[in-house]
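Data block below; observations after.
Both counts, for ligands and for their atoms, begin at 1 and track the order of listing.
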Amino acid sequence: MVAKVVDLRSDTVTKPTEAMRAAMAGADVDDDVLGADPTAARFEAEMAALTGKEAALFVPSGTMANLVSVLAHCDVRGSEVILGDTSHIHVYENGGISTIGGVHPRTVPNNPDGTMDVDKIVAAIRNPAGALLYPTTRLICLENTHANCGGKCLSAEYTDKVGEIAKSHGLKLHIDGARIFNASVALGVPVDRLVKAADSVSVCLSKGLGAPVGSVIVGSKAFIDKAKILRKTLGGGMRQIGVLCAAAHVALRDTVGKLADDHRKAKALAEGLKKIKQFKVDSASVETNMVFFDILDPGISPDRLCQVLEQRSVLAMPASSKSMRFVLHYQISDSDVKYALTCVEKAVEELLKGSTKFEHLTNGTTKHSYGH
Ligand SMILES: Cc1ncc(COP(=O)(O)O)c(C=O)c1O
Ligand SMILES: C[C@@H](O)[C@H](N)C(=O)O
């Protein structure tokens, strides 16, 4: 019998439920590039209403949602975007805003809570008088929750403050809201309130919500019209996407209510990891579904730990050369969390003993890894 895999690599790993598959099979579809796929149109309207924006656009991925949004705001050569130095757009999207969009990134340090100091944001805004020499600031990007800061939530008040800065300087505000529903549930604040100050938001359906594919961009009607053209330019115009939107609608219906449980399980996992003296875990800082921890013992590398865990059907990914990331999602049960903790404890013991069983493992990268 194949052991059940406990997959803590990311919340992108969930498999579609039977309800999603049934909805996909029965979806009412049409060519979305030629007209509007009826299921896509309904789902886009649902997302626009949920986020308090005029319109929405389904796109294949969160990376494309961010790229299209930045390019739609920064459609003049020499544009610059202010964003966090550990933001997903800056770190994990192949520099697409520059290589494809010709947009210049101006990073501001992300604080451990996912914010950027507002005075540093203001200081990063270019003086229009210097346009002969400098790029022109046109956009500020936030990320809520902030993945590299451990899934931290940005408050509505902080977002409003950055929105006011953008407006007073004639700039636009985009939120990478890949996990905005996690932030909404963790803060107890509706999504539309959290993103009120934003001109555009990208929302991932394929993360904690558990849809198999896709993201949605929301914003004004005029913005979405521009975004639709850019989506096509980038090859993201798809045909019968009602198949995907039907699953996304089921995910929205069935999974938002489970996110609080993901956060509870993440906290429980962090509390358990904290008991392992070779780890440094700030369990109090766990706000949503992510647990980051440092490995203090030089004899245990994240890669080796992942390899040993994989032998026990627990999948994880290093976060850096000295830290690990576990991500919870609704397909991880409480008993899976207990099993994973037991496996981590045993793996640490064995790695410390230098057990020959694992000597054949090299310090190479695991099958699944990302790090920065
Ligand atoms: C914060 C954040 N934004 C954007 C993305 C990109 O989404 P996708 O993987 O669907 O391109 C991710 C990760 O997947 C993410 O964690
Ligand atoms: C790796 C990264 O791109 C992805 N968003 C994740 O959090 O797993």
Side-chain angles (χ1 to χ4, degrees), residues 7-14 16 57-71 81 83-97 100 105 110 113-116 141-154 159 174-184 186 194-195 198 200-218 231 234-236 238 241 244 247-248 251 259 262 266 287-292 302 306 315-320 323-329 331-332 365-372:
D7 196 344
L8 297 165
R9 290 174 295 168
S10 177
D11 49 5
T12 59
V13 302
T14 55
L57 182 70
F58 184 90
V59 290
S61 69
T63 299
M64 187 182 279
N66 287 326
L67 179 59
V68 165
S69 298
V70 173
L71 269 52
V81 55
L83 73 177
D85 63 342
T86 63
S87 64
H88 195 275
I89 293 174
H90 189 60
V91 177
Y92 296 125
E93 299 182 10
N94 303 108
I97 63 171
I100 296 173
N110 275 119
D113 66 359
T115 63
M116 295 180 277
C141 289
L142 296 177
E143 183 176 318
N144 194 12
T145 64
H146 195 289
N148 269 332
C149 290
K152 291 289 189 308
C153 305
L154 301 188
T159 307
H174 171 71
I175 296 176
D176 175 351
R179 298 181 179 84
I180 194 71
F181 281 92
N182 291 82
S184 169
L194 277 183
V195 302
S200 61
V201 188
S202 58
V203 182
C204 280
L205 306 154
S206 58
K207 303 227 164 17
L209 297 184
V213 174
S215 282
V216 170
I217 304 170
V218 293
R231 176 186 72 170
L234 294 170
M238 299 181 287
I241 60 169
L244 301 177
L259 295 177
D262 297 346
E287 294 180 1
T288 55
N289 66 326
M290 295 186 171
V291 182
F292 282 66
C306 287
L315 300 186
M317 287 203 291
S320 73
S323 63
M324 287 283 293
R325 180 188 84 157
F326 286 159
V327 184
L328 280 294
H329 50 82
Q331 292 179 350
I332 298 291
T365 50
T366 50
K367 200 163 66 176
H368 320 276
S369 71
Y370 86 101
H372 55 86

Need the ligand 2 atom indices (1-based, order shown) with element for anything under 4.0 Å from a heavy-atom of His88. 2 (C), 3 (O), 5 (N)

List in chain and number order the residues that pass salt bridge (charged side-chain N to carboxylate O under 4.0 Å, His left out) with Asp176, two or more places apart in sequence or in another chain; answer none if no residue qualifies. none

Return yes or no for this condition: an N or O of Lys207 is under 3.5 Å from an N or O of ligand 1. yes

Residue, atom and distance of the protein heavy atom nearest atom 15 (C) of ligand 1 read His88 CD2, 3.2 Å

Which atoms from ligand 1 have a heavy atom of Gly62 less than 4.0 Å away? 6 (C), 7 (O), 8 (P), 10 (O), 11 (O)

Select one of side chain, backbone, both or neither to describe which atoms of Glu93 lie under 4.0 Å from any atom of ligand 2, heavy atoms only. neither

Which residue and heavy atom of the protein sit nearest atom 3 (N) of ligand 1, plus the separation: Asp176 OD2, 2.7 Å

Would Met64 count as a contact of ligand 1 if the rule is a heavy atom under 4.0 Å away? no

With heavy atoms of Ser61 as the reference, note each atom of ligand 1 found under 4.0 Å away. 10 (O), 11 (O)

contact_flag Arg179 ligand 1 heavy-atom lt 4.0 Å: yes

Please tell me if the side chains of Thr12 and Ser206 come closer than 4.5 Å, counting only heavy atoms from C-beta onward. no

Polar-atom distance check: Thr63 versus ligand 1, any N or O pair below 3.5 Å? yes

Identity and separation of the nearest protein heavy atom to atom 1 (C) of ligand 1: Glu143 OE2, 3.3 Å

Glu93 heavy atoms, cut-off 4.0 Å: which ligand 1 atoms fall inside? 4 (C)

For Lys207, atoms of ligand 2 separated by under 4.0 Å from a heavy atom: 5 (N)

Asn66 contact mode with ligand 1 (heavy-atom cut-off under 4.0 Å): side chain

Can you list everything that forms a side chain to side chain donor-acceptor pair (under 3.5 Å) with Asp113? Sequence neighbours excluded, please. Thr115

Less than 4.5 Å apart, any side-chain heavy atom of Asn148 and any of Asn110? no

